[in-house]
Amino acid sequence: MALRLYNTMSARVEEFRPIESNQVRMYACGPTVYDYGHIGNFRTFIAVDILQRFLKQSGYQVRYVMNITDVDDKIIRNSARAGVGVRQYTAKYEKAFLEDAAMLNIEQPVLVRATDHIPAMADFIGKLEQKGFAYRSEDGSYYFPIAKFPPYGKLSKKDFAGMEDGARVDLDEYEKDNARDFALWKAPKPGEAFWETPIGRGRPGWHIECSVMSMQQLGDTFDLHAGGEDLIFPHHENEIAQSESLTGKTFANFWFHARFLLVEGEKMSKSLGNFFTPRDLVLKGHKPSSIRYLLTSVPYRNQLNFTWDGLHQAATSVDRLRNFRLRLSTGHFPEGTNQTMAKLAEDAVAAMRAALDDDLNTAQAQGAIFEMVRAANAAIDAGEMRKADVPALLGAIERFDEIFAVLADDDPQKIKTILDWARAEGREKEISSEALALAGSAQLSDAEIEEKVAQMAAARKGRDFKLSDALRAELIAAGIIVENTKDGIRWRRK
RNA sequence: GGCGCGGUACCCAAGUGGUAAGGGAGAGGUCUGCAAAACCUUUAUGCGUCGGUUCGAUUCCGACCCGCGCCUCCA
């Protein structure tokens with residue numbers, strides 16, 4: 001089986017074949033760090049993370065680059081308003097983005113910042129101008145003449161031929177030859193931040209950074225370019241125009257776009273009051289793993305409706321998987337093997353991989369692992385599990401978690417980190433009792449918990465159920481779930 | 001208006017020209033000192049509506065209704 005992916009360029013699902021057989025070079029448009037990232041942003045980043053993880057699991061070496069847009073109009077405006085430099089302004093949100101990504105188990109790509117590449121961008125624009133693919137306006141801005149690039153619109157399937165710009169030309173854009181021409185470089189207005197470069201003073205247009213940094217990191221032509229669906233036009237269309245005009249080569253072979261999510265059935269927006277960041281959700285008492293699971297539970301090209309109910313369902317689903325793993329790893333089974341278990345694990349992994357090969361059908365992949373869990377649990381209940389079967393089943397769970405990354409039992413620590421941040425930011429009022437309870441178990445070390453559990457086991461052995469129950473109540477209050485099984489006491493953090 | 005996506009049980013959500021994965025929730029049961037976990041049974045003669053093609057359609061085609069996205073530097 002080979003990975004088949006939807007390619008926005010061809011508008012079809014195609015077999016994904018990288019330029020080099022064993023290596024994938026990919027680029028994703030990252031965040032503009034003018035504010036905290038929201039769950040919509042993270043749906044996209046998680047989708048690309050899933051892709052990237054699956055490629056690695058499939059044996060590819062992956063070079064994955066993501067940009068950080070740390071200069072744009074909003075940043076210039078907000079930083080000026082705040083009376084601080086651009087870099088100082090963006091540093092806070094860049095840090096927050098990295099923390100959020102880590103919290104959601106997004107593996108860190110190679111990160112490149114726009115402001116670290118200003119000279120390269122100026123150079124790129126200069127070369128475009130030499131080739132006739134850029135013109136300078138009177139104020140010192142540079143624009144790309146889309147009329148010079150006939151394929152313009154091929155990604156977004158828009159036909160610009162014969163579409164002469166008529167009446168809808170913005171007053172402050174009178175310097176453009178065509179209303180559709182886009183800015184490569186923007187001359188500074190009075191008081192605005194700017195860079196001094198060979199092509200003049202100013203700042204880069206939005207699209208140029210991605211062309212410059214992706215090609216610098218990955219070459220003139222690379223395998224895959226990703227982003228949210230809104231970037232298809234104009235952002236990616238413009239990147240293609242710039243890059244292909246300069247090199248005469250195909251820019252990226254595959255275009256991967258994640259669909260927008262809805263929140264409670266509506267488009268997420270600040271005015272509707274349904275605008276959430278991962279931090280907001282954690283403060284309300286939701287676990288990072290629940291957020292990640294929900295965000296992966298609907299395939300990336302389908303609309304995902306983010307709801308509170310869905311978040312709870314996600315949490316329960318993750319618990320089911322964690323419980324299963326705990327049951328396997330702490331249970332005592334008779335020596336020997338049961339061939340059907342090895343087959344079960346093998347089939348589950350095969351089904352999961354087949355689902356992901358099919359344009360990253362994450363929902364189906366999750367279904368495959370749950371089928372295995374139910375069958376294996378049933379086998380345990382029926383006394384059919386053997387000691388030697390455990391590694392294969394745990395291995396299947398591991399293969400699953402290499403992609404989905406929701407099983408690590410580290411939510412309490414992560415939540416605690418967010419609570420500390422909220423206090424430092426003066427937002428402790430937003431901390432819910434649920435979040436406090438979840439973070440609570442991070443206070444106790446594993447050793448401390450083990451000690452309590454040992455006392456509890458001793459009490460039960462002496463049939464002192466009063467003491468045993470009291471100890472359990474104590475642990476529950478501290479956010480530890482304790483379960484008595486025939487193989488002894490099993491515990492986990494809530 | 002142009003281009004595109006979707007409407008599947010109480011909720012979320014896969015999927016297929018031949019008779020509906022999975023998760024959550026509910027109900028009943030098993031196990032258990034209690035609790036939890038887990039398992040079993042159960043919940044769509046039905047997959048937006050109406051037509052058409054077909055031996056047979058939820059799956060293909062057409063129309064219609066509804067929801068959503070891009071076409072405005074919002075992932």
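By convention in this document, chain letters (A, B, ...) are assigned in the order of the sequence lines, proteins followed by strands, and residues within each chain are numbered from 1. Computed from a predicted structure; not experimentally measured.
- As judged by a 4.0 angstrom heavy-atom cut-off over every strand, A/Asp72 is placed among residues making no nucleic acid contact.
- Within 4.0 Å of A/Asn361, counting heavy atoms only, lie sugar-phosphate atoms of the nucleic acid but no base atom.
- Taking only distance into account, the side chain of A/Gln313 meets the base of B/C11 through a donor-acceptor pair shorter than 3.5 Å.
- Neither OP1 nor OP2 of B/G33 sits under 4.0 Å from any side-chain N or O of A/Lys486.
- A salt bridge links A/Arg399 with A/Glu402: the closest approach of a Lys/Arg side-chain nitrogen to an acidic carboxylate oxygen falls below 4.0 angstrom.
- With P as the reference atom, B/U8 and B/C60 are 16 Å apart, rounded to whole Å.
- Residue A/Arg472 places a side-chain atom within donor-acceptor reach of the base of B/A35, judged by atom type and a 3.5 Å distance cut-off alone.
- When the nucleotides B/G33, B/C68, B/C39 are ranked by their closest atom to the side chain of A/Arg259, B/C68 comes out on top.
- Between the side chain of A/Lys267 and the base of B/C68, no donor-acceptor pair under 3.5 Å is found.
- Phosphate contact (OP1/OP2 of B/A38, side-chain N/O of A/Arg322, threshold under 4.0 Å): absent.
- Considering only side-chain N and O atoms, A/Asn302 lies under 4.0 angstrom from the phosphate OP1 or OP2 of B/A14.
- When the side-chain nitrogen and oxygen atoms of A/Arg374 are compared with OP1 and OP2 of B/G22, one or more of them lie within a distance under 4.0 Å.
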